[in-house]
Amino acid sequence: MSEILPVNPFFTDTTVIPDEYFCDRKQETSAIISEIVNGRNLVLKAPRRIGKSSLIKHVFNQAEINDNYHTLYVDIYGTKNASDFKAELNRCFLNAPFARDSKIRKRVESYIKSIQIDLGSYSESGFSLPKIGLGNIHAAVFSIDEIFDWIDKAEKPGIVVFDEFQQIQDYPEKMAGILRSYIQQSRNTKFIFCGSSRHMLNSMFSNYNQPFYNSASSFDLDIISLDAYTEFVREVFGKYGKIIDSETIEFVYYLFSGNTYLMQEVMKTAFSQTPSPGKADENTLRRSILSMIEKKDADYRDLINRLNSKKERNTLYCIAGEGIATGLTSSAMMKRYDLDNASSVQNALENLCSEKFNIAVKVAKGVYMLQDRLFELWIAYRGGYLQYKMESPKARFEKERALAKSLPEIIPPRKS
Ligand SMILES: Nc1ncnc2c1ncn2[C@@H]1O[C@H](COP(=O)(O)OP(=O)(O)OP(=O)(O)O)[C@@H](O)[C@H]1O
Ligand SMILES: [Mg+2]
């Protein structure tokens, strides 16, 4: 029987990707499995949209894990306190395949009955509330303690993933301390902590004074290599009788600095615009990029309108224009981008990098970039210089990679 192909094989709206359409990550998949099998907890770090969550779900989908472990994936993005955490943990626990266990079911059923009576909905004709399905319960049925205990004592060992784990640092409660004791008591469960705030995760796990100090191995997820991505895209296009050159893929890869989500989004559009049989060339890709930029118009306008002042906007335009911006307070730069004075630029930079806006990031001393490459391209498009941005993306990519690897100079001790 011939394989049923998905309408579009580039998945961007989900983190659950069928193995055939999941690009590479072979080495990372086996490294994570090996850490878990060898009994270690893990901290998985990477910038936004590189593929942390998808990788974890891919790992869960591998037979070695799927057949032998109970897995629980909890995304705590958007939770604000310990009670939100507990509710989300419950929701994920009750939706996990192993929650079909009869003891868990019984407990949930009696809980539903209890809240129905509490709500005063019991009448002579019986319960009047609509029947709540097991998957729809968002309330906290079990205590955190009970959930960890159940997983730890189950017949299979457990793996619990907390995605966007840095979020607990914003809770009013001292959640790190509470969780640490559960994690230390677990005998049969391993934990994976994921997140995009490298700085925050490093301080949680590498700082001697923090509850999680040294409790997990560190795993930095890099971008997918150009070779692996090229092979993947060509193969996927090929399955549908479509062609795309390596150079065209390379152009997209460099332009987006290997950001998985943005590359997949461009490929998704380009794929849909290529007939079968047919070829996607650089023009097809440029059109796809343009349509992505246009789709984000309203969002990016909003973002700019949220900035308080002209000095913030001009500092933003300066970083976008330069791509990798250095010497922002030099007189030449201030003149070119109509910036007032060094201290107002410094203020604007602080705001743009603040948690509130999170638009720019300081990549090294005095060096700034925008967080979102598509936003940078949108500014270039609106400013009429998009063509210039597209001219030599490789040089820009290489400069960015070199910066990421650079280390401030280490001064050797004085010889006596
Ligand atoms: N190896 C891969 N092959 C194909 N598509 C992938 C791969 N990894 C990630 N993606 C796609 O890239 C996008 C971003 O991935 P994902 O959400 O896993 O990243 P993330 O690092 O968890 O992002 P965030 O920081 O926003 O949580 C998703 O749309 C996903 O479908
Ligand atoms: Mg994620």
Side-chain angles (χ1 to χ4, degrees), residues 5-33 42-62 71-79 88 92 160-168 192-202 218-237 239 244 249 252-253 255-272 288 292 295-296 299 355 358-359 361 370-375 404:
L5 299 173
V7 176
N8 195 311
F10 293 94
F11 290 77
T12 54
D13 310 325
T14 173
T15 49
V16 183
I17 307 167
D19 282 358
E20 314 87 277
Y21 304 105
F22 189 76
C23 172
D24 191 41
R25 299 299 195 196
K26 293 187 182 68
Q27 190 259 330
E28 291 89 343
T29 302
S30 48
I32 294 174
I33 295 178
L42 266 183
V43 196
L44 179 66
K45 293 166 277 177
R48 297 288 323 266
R49 301 295 170 108
I50 291 298
K52 300 172 290 291
S53 308
S54 314
L55 176 59
I56 292 296
K57 294 187 181 163
H58 179 70
V59 165
F60 280 6
N61 204 24
Q62 304 308 299
T71 56
L72 180 65
Y73 173 91
V74 190
D75 185 350
I76 58 171
Y77 182 80
T79 58
E88 192 52 25
C92 298
V160 178
V161 176
F162 289 113
D163 207 348
E164 304 297 348
F165 188 62
Q166 69 270 351
Q167 194 76 27
I168 67 159
I192 303 179
F193 309 95
C194 292
S196 44
S197 172
R198 182 193 302 245
H199 166 72
M200 221 177 218
L201 288 169
N202 280 349
S218 183
F219 194 104
D220 283 277
L221 183 66
D222 202 354
I223 52 176
I224 296 170
S225 75
L226 173 62
D227 287 349
Y229 194 63
T230 306
E231 192 186 322
F232 166 75
V233 174
R234 283 170 61 83
E235 200 180 297
V236 170
F237 267 68
K239 262 190 177 185
I244 181 165
I249 303 168
V252 172
Y253 185 90
L255 188 69
F256 290 108
S257 292
N259 181 289
T260 317
Y261 170 74
L262 292 173
M263 297 193 301
Q264 286 289 94
E265 193 66 40
V266 177
M267 290 303 168
K268 183 182 202 165
T269 313
F271 178 89
S272 70
S288 308
M292 261 166 78
K295 262 193 226 157
K296 292 283 284 185
D299 291 354
E355 249 180 68
N358 208 9
I359 290 177
V361 58
L370 293 195
Q371 294 270 21
D372 177 1
R373 182 63 48 85
L374 197 62
F375 188 31

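Every number for a ligand or one of its atoms is a count from 1 in the order of the listing.
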Mind checking whether [X] contacts ligand 1 via backbone (N, CA, C, O), side chain (CB onward), both or neither, at a 4.0 Å heavy-atom cut-off?
{"X": "Q264", "value": "side chain"}
{"X": "I17", "value": "side chain"}
{"X": "E164", "value": "side chain"}

Next item on the list: Determine whether T29 and L55 make a side-chain contact, defined as any pair of heavy atoms from C-beta on separated by less than 4.5 Å.
Entry: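 A side-chain contact under 4.5 Å exists here.
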Check: Just wondering, do S288 and F271 contact through their side chains at under 4.5 Å, heavy atoms?
Finding: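 The answer is no; the side chains never approach within 4.5 Å.
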Atom indices of ligand 1, in the order listed, that fall short of 4.0 Å to a heavy atom of [X]:
{"X": "F22", "answer": "1 (N), 2 (C), 3 (N), 7 (C)"}
{"X": "T14", "answer": "28 (C), 29 (O), 30 (C), 31 (O)"}
{"X": "G51", "answer": "8 (N), 9 (C), 15 (O), 16 (P), 18 (O), 19 (O), 20 (P), 21 (O)"}
{"X": "Y261", "answer": "12 (O), 13 (C), 14 (C), 29 (O)"}

For the 3.5 Å polar cut-off, considering only N or O atoms, please tell me whether [X] and ligand 1 meet it.
{"X": "I224", "answer": "no"}
{"X": "L55", "answer": "no"}
{"X": "T12", "answer": "yes"}
{"X": "S54", "answer": "yes"}
{"X": "K52", "answer": "yes"}

Which residue and atom name correspond to the protein heavy atom nearest [atom], and how close is it?
{"atom": "atom 17 (O) of ligand 1", "value": "T15 CG2, 3.4 Å"}
{"atom": "atom 26 (O) of ligand 1", "value": "R48 NH2, 2.7 Å"}
{"atom": "atom 22 (O) of ligand 1", "value": "S53 OG, 2.8 Å"}
{"atom": "atom 1 (N) of ligand 1", "value": "C23 O, 3.0 Å"}
{"atom": "atom 23 (O) of ligand 1", "value": "R49 N, 3.0 Å"}
{"atom": "atom 8 (N) of ligand 1", "value": "T260 CG2, 3.6 Å"}

Note to self: Any side-chain to backbone donor/acceptor pair from K52 onto P47? Under 3.5 Å, distance only.
What the structure shows: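 Between the backbone of P47 and the side chain of K52 there is a qualifying donor-acceptor contact (under 3.5 Å).
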For [X] and [Y], does a side-chain donor sit closer than 3.5 Å to a side-chain acceptor?
{"X": "S218", "Y": "K45", "value": "yes"}
{"X": "S257", "Y": "R373", "value": "yes"}
{"X": "Y77", "Y": "Q166", "value": "no"}
{"X": "S53", "Y": "D163", "value": "yes"}
{"X": "T12", "Y": "E265", "value": "yes"}

Note to self: So, taking the atom named CZ in F219 and the one named SG in C194, what distance separates them when rounded to the nearest 0.5 Å?
What the structure shows: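 With rounding to 0.5 Å, CZ (F219) is 10.5 Å from SG (C194).
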Notebook entry, point to check: Does at least one non-hydrogen atom of Y21 fall below 4.0 angstrom from an atom of ligand 1?
Noted result: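 Right, Y21 reaches ligand 1.
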Margin query: Using a 6.0 Å cut-off, check whether atom CD of E231 has over 12 heavy atoms from anything other than its own residue.
Written below: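 No, because the 6.0 Å sphere around CD of E231 holds 12 heavy atoms or fewer from other groups.
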Next item on the list: May I ask you to check whether S53 brings an N, O or S atom to under 2.8 Å from the Mg ion (ligand 2)?
Entry: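 Given the 2.8 Å cut-off, S53 counts as a ligand of the Mg ion (ligand 2).
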Next item on the list: Compute both the distance and the angle, then confirm whether K57 meets the cation-pi test with Y73: under 6.0 Å from the six-membered ring centre, within 45 degrees of the axis.
Entry: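 Judged by the rule, K57 and Y73 form a cation-pi pair.
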Notebook entry, point to check: If you measure from the Lys or Arg side-chain nitrogens to the Asp or Glu carboxylate oxygens, is any gap between D372 and R48 under 4.0 Å?
Noted result: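 Looking at R48 together with D372, the answer is no, because their closest N to O distance does not fall below 4.0 Å.
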